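Have a look at the structure below, then the notes.
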There are 2 protein chains.
Amino acid sequence: MLTVTTANVNGIRAAARKGFVEWLSDTTADVVCLQEVRATDEQVPVEVRDVDGWHMIVAPAADKGRAGVAVLSRETPARVQVGFGSEEFDVSGRYLEVDLPGVTVASLYLPSGETGTPRQDQKERFMAEFAEYLVALRKRAEADNRHVVICGDWNIAHQEIDLKNWKANKKTAGFLPEEREWMTRVFDDIGYVDVARRLHPEGPGPYSWWSYRGRAFDNDAGWRIDYHIATPGLAEAAKTAVVERAATHDARWSDHAPVTVTYAV
Amino acid sequence: MLTVTTANVNGIRAAARKGFVEWLSDTTADVVCLQEVRATDEQVPVEVRDVDGWHMIVAPAADKGRAGVAVLSRETPARVQVGFGSEEFDVSGRYLEVDLPGVTVASLYLPSGETGTPRQDQKERFMAEFAEYLVALRKRAEADNRHVVICGDWNIAHQEIDLKNWKANKKTAGFLPEEREWMTRVFDDIGYVDVARRLHPEGPGPYSWWSYRGRAFDNDAGWRIDYHIATPGLAEAAKTAVVERAATHDARWSDHAPVTVTYAV
DNA sequence: CCTACAAGG
DNA sequence: CCTTATAGG
């Protein structure tokens with residue numbers, strides 16, 4: 001059994017002050033993928049960095065205080081890869097891949113974008129380059145007889161059931177037609193599987209992100225943008241998928257909730 | 001009897017969250033001079049701006065979130081003056097003068113400076129221009145038969161007894177020889193009086209500012225840089241001068257403590 | 001070690 | 001409505 005969690009922490013220093021450390025010491029996960037760490041290795045609070053029994057790798061952004069992904073694992077990874085071979089994005093703290101026995105686990109933080117701005121162009125450049133990488137990664141995994149799961153904040157809600165107010169958000173970055181179609185291609189053309197949706201085909205939700213503005217969390221006006229996107233064999237091995245909304249409810253240390261999947265591998 | 005308090009609030013919005021509102025509702029002062037308000041009129045929390053029985057005038061800096069002085073008085077001032085006739089400094093939120101019956105009260109926030117930098121040059125330009133104004137103000141007050149007191153953060157410790165570690169700070173802005181000599185000229189040549197020191201000639205202290213760094217407050221490693229500087233007649237009428245260290249100890253809402261003087265006028 | 005601002009989300 | 005960075009203190 002391998003339990004993997006993904007969580008966008010929205011600043012690991014702030015999260016550590018608000019309950020992330022307690023969540024980490026309670027979790028039974030074997031691997032934790034983090035996004036928006038917003039800190040270098042040295043800036044990660046020692047209560048997180050030196051927590052007993054965990055191995056931590058951080059891929060910070062060159063731009064101070066922005067983005068940043070990390071992987072915590074109980075086993076030491078056999079291989080670590082920062083970035084996916086992109087000149088533009090490999091220093092942006094958005095992709096970190098580690099090899100654990102039989103399975104490659106990646107932490108992804110896809111740009112959030114902003115409709116009609118250069119930030120949306122950047123998101124689309126990322127999506128185009130990353131889709132190519134996903135193809136190569138899948139081929140490599142098949143050749144090596146390895147499973148792959150890309151965990152993280154993909155910043156796209158795939159279907160109408162993946163956000164509460166889909167009608168109001170048809171022109172909002174994260175639910176644009178071209179973004180949704182891109183995710184469809186990841187599934188249907190490249191061959192990855194949305195693990196949580198496969199286990200729970202019925203919507204709406206469960207959501208994994210709620211804006212801090214207004215009463216979005218209390219009203220469950222959220223989006224499902226945090227995914228486990230896995231190769232088919234691993235997706236079929238998934239036994240449970242849970243959004244730990246309660247974990248964040250007791251002590252809300254991020255605007256995202258952890259998404260945890262247990263794989264029978 | 002006229003009781004006047006001066007307090008550098010280090011951001012009135014932060015201070016209001018931390019206990020300044022309670023301090024204000026408890027004080028028996030008739031006039032309160034504030035420095036480092038760091039807010040425009042509209043940005044001042046309503047609990048302060050609309051507090052019953054007080055009239056408030058704010059002189060913010062053109063530079064958002066910086067400096068800013070204010071005067072709260074139970075009586076409506078007959079005259080209000082922002083700045084002291086300086087092209088450079090009148091928009092810098094550092095001087096506000098009001099006329100109350102028989103006495104002119106000013107709130108001053110002198111630049112803090114920084115040894116060997118342009119900020120120290122600015123402080124010295126301010127000191128030069130302001131000294132000239134002090135001469136004119138004293139003459140005008142005598143002609144009008146009015147008392148004057150300039151309350152505020154002068155950002156200079158005058159003597160060795162005015163800071164805990166004077167030996168270590170001989171090259172620190174706020175205790176430079178030229179700054180101390182300038183204050184001596186304000187007293188000996190221009191004829192103003194350091195009210196609190198006149199009532200309490202013995203040092204060391206009492207200090208009115210303690211750095212937030214380290215344990216400066218607990219160790220009373222402070223500076224006396226907040227003064228009531230008055231014309232001689234008013235200084236002679238001063239009955240008590242108190243640094244409200246306890247007020248800030250119960251709920252420390254600033255790195256400065258209020259300095260309160262009661263005048264028998 | 002605080003403040004407020006700015007930019008990103 | 002959050003985060004971190006920055007300048008000023």
Side-chain angles (χ1 to χ4, degrees), chain A residues 8-18 20 35-40 43-45 60-68 92-94 109-115 117-120 122-123 153 155 172-174 209-218 221 223 225 248 252-256, chain B residues 8-18 20 35-40 43-45 60-61 63-68 92-94 109-115 117-120 122-123 153 155 172-174 209-218 221 223 225-226 248 252-256:
Chain A
N8 178 318
V9 293
N10 191 25
I12 199 161
R13 285 171 281 185
R17 288 194 298 270
K18 296 193 283 184
F20 173 73
Q35 302 86 39
E36 280 207 89
V37 168
R38 302 174 75 161
T40 61
Q43 291 174 321
V44 172
D63 209 359
K64 287 197 283 185
R66 303 229 180 279
S92 69
R94 294 187 178 276
Y109 177 47
L110 205 140
S112 80
E114 187 180 19
T115 308
T117 74
R119 296 181 50 234
Q120 190 63 24
Q122 188 217 43
K123 182 176 190 173
D153 179 358
N155 263 316
T172 306
W209 173 78
W210 304 264
S211 170
Y212 273 127
R213 301 176 208 196
R215 279 149 196 71
F217 186 78
D218 294 335
W223 296 48
I225 56 180
T248 57
R252 199 177 174 206
W253 42 261
S254 173
D255 48 350
H256 294 249
Chain B
N8 179 318
V9 294
N10 192 24
I12 199 161
R13 284 172 280 186
R17 289 194 297 270
K18 297 193 282 184
F20 173 74
Q35 301 86 39
E36 279 207 90
V37 168
R38 301 174 76 162
T40 61
Q43 291 173 323
V44 172
D63 209 0
K64 290 197 283 186
R66 302 228 179 280
S92 69
R94 294 188 178 274
Y109 178 47
L110 205 142
S112 81
E114 187 180 19
T115 307
T117 74
R119 296 181 50 237
Q120 190 64 23
Q122 188 217 42
K123 182 177 191 174
D153 179 358
N155 263 316
T172 306
W209 173 78
W210 305 264
S211 170
Y212 274 126
R213 300 176 209 194
R215 278 148 196 73
F217 186 78
D218 295 335
W223 295 48
I225 56 180
D226 299 278
T248 55
R252 199 177 174 206
W253 40 262
S254 173
D255 48 351
H256 294 249

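None of the values given here were measured: they were computed from a predicted structure. Within every chain, numbering begins at 1; the chains are lettered A, B, ... in the order of the sequence lines, protein sequences first and strands thereafter.
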So, taking the atom named CD in Gln122(B) and the one named CD in Glu114(B), what distance separates them when rounded to the nearest 0.5 Å? 11.5 Å
Within the structure provided, determine whether Val37(B) and Pro60(B) are in side-chain contact (heavy-atom separation under 4.5 Å). no
By the 4.0 Å heavy-atom rule, please label Asp255(B) as base, sugar-phosphate, or nothing. nothing
In whole angstrom, give the distance that lies between atom CZ of Arg213(B) and atom C1' of dC2(C). 9 Å
Heavy atoms only, 4.0 Å cut-off, all strands: where does Gln35(A) land among base, sugar-phosphate and nothing? nothing
To the nearest Å, how far apart are Trp209(A) CH2 and dG8(C) P? 17 Å
Compare side-chain N and O positions of Arg13(B) against OP1 and OP2 of dC5(C) and report whether any pair is under 4.0 Å apart. yes
So, under a plain 3.5 Å distance rule, would you say the side chain of Arg38(A) forms a donor-acceptor pair with the base of dT4(D)? no
Within this structure, what is the CZ-to-P distance between Arg252(A) and dT3(D), rounded to whole angstrom? 11 Å
Taking only N and O in the side chain of Lys64(B), is any of them less than 4.0 Å away from OP1 or OP2 of dT3(C)? no
Taking OP1 and OP2 of dT3(D), is either one under 4.0 Å from a side-chain nitrogen or oxygen of Lys18(A)? yes
Which residues share a side chain to side chain donor-acceptor pair (under 3.5 Å) with Trp209(B), sequence neighbours left out: Asp255(B)
Between NE2 of His256(A) and C1' of dC2(D) the distance, given in whole Å, is 11 Å
Spacing of Tyr109(A) atom OH and Arg38(A) atom CZ [to the nearest 0.5 Å]: 7.5 Å
Whole-Å distance separating the CH2 atom of Trp253(A) from the C1' atom of dC1(D): 18 Å
Just the rounded figure in Å: distance from C1' of dT3(C) to CD1 of Ile12(B). 13 Å
Shortest side-chain distance from Tyr212(A), nucleotide among dG8(C), dC5(C), dC1(D): dC1(D)
Hey, does Arg17(B) reach any base, or is it just sugar-phosphate, or nothing, if we go heavy atoms under 4.0 Å? sugar-phosphate
For atom CD of Gln120(B) and atom C1' of dG8(D), their distance in whole Å: 14 Å
Could you tell me how far apart Gln43(A) (CD) and dT3(D) (P) are, to the nearest whole angstrom? 16 Å
Say whether, by atom type as modelled, one donor and one acceptor occur between the side chain of Lys123(A) and the main chain of Asn155(A) under 3.5 angstrom. yes
Of dA4(C), dA7(C), dC5(C), the nucleotide closest to the side chain of Arg66(A) is dA7(C)
